[in-house]
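All heavy atoms count here, side chains included; hydrogens, waters and symmetry mates do not.
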Amino acid sequence: ADQLASDESVVGALTSTVAANLQTAKDYADTKVGQEQSARQTAVSNEATLRQSGDNALSGRLDVVEGSGVGSIAKALV
């Protein structure tokens, strides 16, 4: 009976250790997934901002080329 109680105690301790280690691993994985998700969201947001800036710059250049001011095709044809 004493040996059985001792064995059950060891099994209980090992089970607790395994459960704690699994929780630690889950917490670590959750943290890393959250960090990756945040990094990707930031990258997408930065890309969208850069793309919009590029679109605006191109639009401004096209306005000059297509318009009637200095440097425009219309002005050069006059």
*Does Ser38 offer a backbone N or O that forms a donor-acceptor pair with the side chain of Thr42 under 3.5 Å?*
yes
*asked:* Taking the basic N atoms (NZ, or NE/NH1/NH2) and the acidic carboxylate oxygens, is any pair closer than 4.0 Å for Glu36 and Lys32?
replied: no
Which donor-acceptor pairs under 3.5 Å do the side chains of residues 4-15 make with protein atoms, sequence neighbours left out?
unit_1: Asp7; atom_1: OD1; unit_2: Gln3; atom_2: NE2; d: 2.8
unit_1: Thr15; atom_1: OG1; unit_2: Val11; atom_2: O; d: 2.8

*From CZ (Arg40) to OG (Ser45), nearest 0.5 Å*: 15.5 Å
_Using the side chain to side chain donor-acceptor pair (under 3.5 Å) criterion, which residues pair with Glu47? Sequence neighbours excluded._
Arg51
*In Å, rounded to the nearest 0.5 Å, how long is the span from CG of Asn21 to OG of Ser16?*
11.0 Å
